[in-house]
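Structure record follows, encoded as structure tokens.
Only a predicted model underlies this, so the values are computations on that prediction, with no experimental measurement involved. Residue numbers start at 1 and run along the sequence shown.
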Amino acid sequence: MENENYEDSILTVKSPDGTDYRIFVFDIVDDEASGKSYISYKFLDTDSEDCFISILNEKDDEYSLETIEDIDEFKAVENLLASRVIDED
């Protein structure tokens with residue numbers, strides 16, 4: 001996500017139970033082959049500094065996160081995100 005404005009890097013996502021969570025977005029990548037969007041982020045409004053990678057779903061202008069279940073898919077996305085960080089340097 002190439003935003004210089006901090007507010008543009010914050011996204012509200014819904015959990016399966018309907019709870020809204022605010023997240024800080026590090027990057028979003030679209031995989032044309034699978035049609036999926038992947039997001040790297042951390043939760044706001046918590047003390048945790050943990051970072052996560054998930055599938056980002058959008059429906060009717062609402063966003064939700066989906067766990068990447070397949071380890072090979074996770075590693076591929078992790079490598080893609082890492083290569084984007086290295087390319088920016």
Side-chain angles (χ1 to χ4, degrees):
M1 187 176 241
E2 297 179 20
N3 294 316
E4 293 183 20
N5 183 346
Y6 174 78
E7 290 296 320
D8 290 342
S9 297
I10 297 174
L11 189 64
T12 300
V13 296
K14 281 207 177 297
S15 69
D17 70 2
T19 304
D20 286 341
Y21 292 97
R22 290 181 343 121
I23 60 173
F24 181 84
V25 177
F26 295 112
D27 200 359
I28 297 174
V29 294
D30 296 315
D31 179 25
E32 292 179 17
S34 69
K36 295 179 183 178
S37 295
Y38 297 96
I39 183 170
S40 60
Y41 62 96
K42 74 175 190 169
F43 286 98
L44 296 175
D45 307 322
T46 69
D47 292 333
S48 174
E49 291 295 320
D50 292 341
C51 299
F52 301 91
I53 300 171
S54 297
I55 299 167
L56 179 65
N57 297 310
E58 180 183 5
K59 182 178 180 183
D60 300 328
D61 293 327
E62 289 189 352
Y63 297 93
S64 63
L65 302 174
E66 181 180 339
T67 302
I68 301 171
E69 302 285 342
D70 180 48
I71 190 67
D72 292 330
E73 179 181 14
F74 183 86
K75 287 180 180 179
V77 174
E78 185 178 46
N79 289 336
L80 176 61
L81 289 167
S83 71
R84 290 168 56 93
V85 171
I86 291 169
D87 288 345
E88 290 178 6
D89 289 340

Salt bridge (charged side-chain N to carboxylate O under 4.0 Å, His left out) filter on Lys14, not counting sequence neighbours, yields Asp20
Measuring from Asp70:CG to Lys75:NZ, what's the distance to the nearest 0.5 Å?
10.0 Å
If you define the side chain from C-beta out and look only at heavy atoms, does anything of Ile10 sit under 4.5 Å from Ile23?
no
Do Leu65 and Ile55 come within less than 4.5 Å of each other through their side chains, counting heavy atoms only?
no
Under the salt bridge (Lys or Arg N to Asp or Glu O under 4.0 Å) definition, can you give me all pairs with a residue in residues 44-59, not counting sequence neighbours?
Arg22-Asp45, Lys42-Glu49
Output all residues satisfying ring-ring contact (aromatic ring centres under 6.0 Å, His included) with Phe43, sequence neighbours left out; order by chain, then residue number.
Tyr21, Tyr41, Phe52
Considering residues at least two apart in sequence or located in another chain, which fulfil the salt bridge (charged side-chain N to carboxylate O under 4.0 Å, His left out) criterion with Asp61?
none
Glu69: salt bridge (charged side-chain N to carboxylate O under 4.0 Å, His left out) partners, not counting sequence neighbours:
none
Let me check something: any side-chain donor-acceptor pairs from residues 33-40 under 3.5 Å, sequence neighbours excluded? List them with distances.
{"unit_1": "Ser34", "atom_1": "OG", "unit_2": "Asp31", "atom_2": "OD2", "d": "2.8"}
{"unit_1": "Ser34", "atom_1": "OG", "unit_2": "Lys36", "atom_2": "N", "d": "3.2"}
{"unit_1": "Lys36", "atom_1": "NZ", "unit_2": "Glu73", "atom_2": "OE2", "d": "3.0"}
{"unit_1": "Ser37", "atom_1": "OG", "unit_2": "Asp30", "atom_2": "OD1", "d": "2.5"}
{"unit_1": "Tyr38", "atom_1": "OH", "unit_2": "Glu73", "atom_2": "OE2", "d": "2.5"}
{"unit_1": "Ser40", "atom_1": "OG", "unit_2": "Asp27", "atom_2": "N", "d": "3.2"}

Walk me through it: do Asn57 and Tyr63 pass the test side-chain contact (heavy atoms from CB on, under 4.5 Å)?
CA-CA 6 Å; Asn57 297 310; Tyr63 297 93; over 6 Å; no
Output all residues satisfying salt bridge (charged side-chain N to carboxylate O under 4.0 Å, His left out) with Asp17, sequence neighbours left out; order by chain, then residue number.
none
Partners of Ser64 by side-chain hydrogen bond (donor to acceptor under 3.5 Å, both in side chains), sequence neighbours excluded?
none
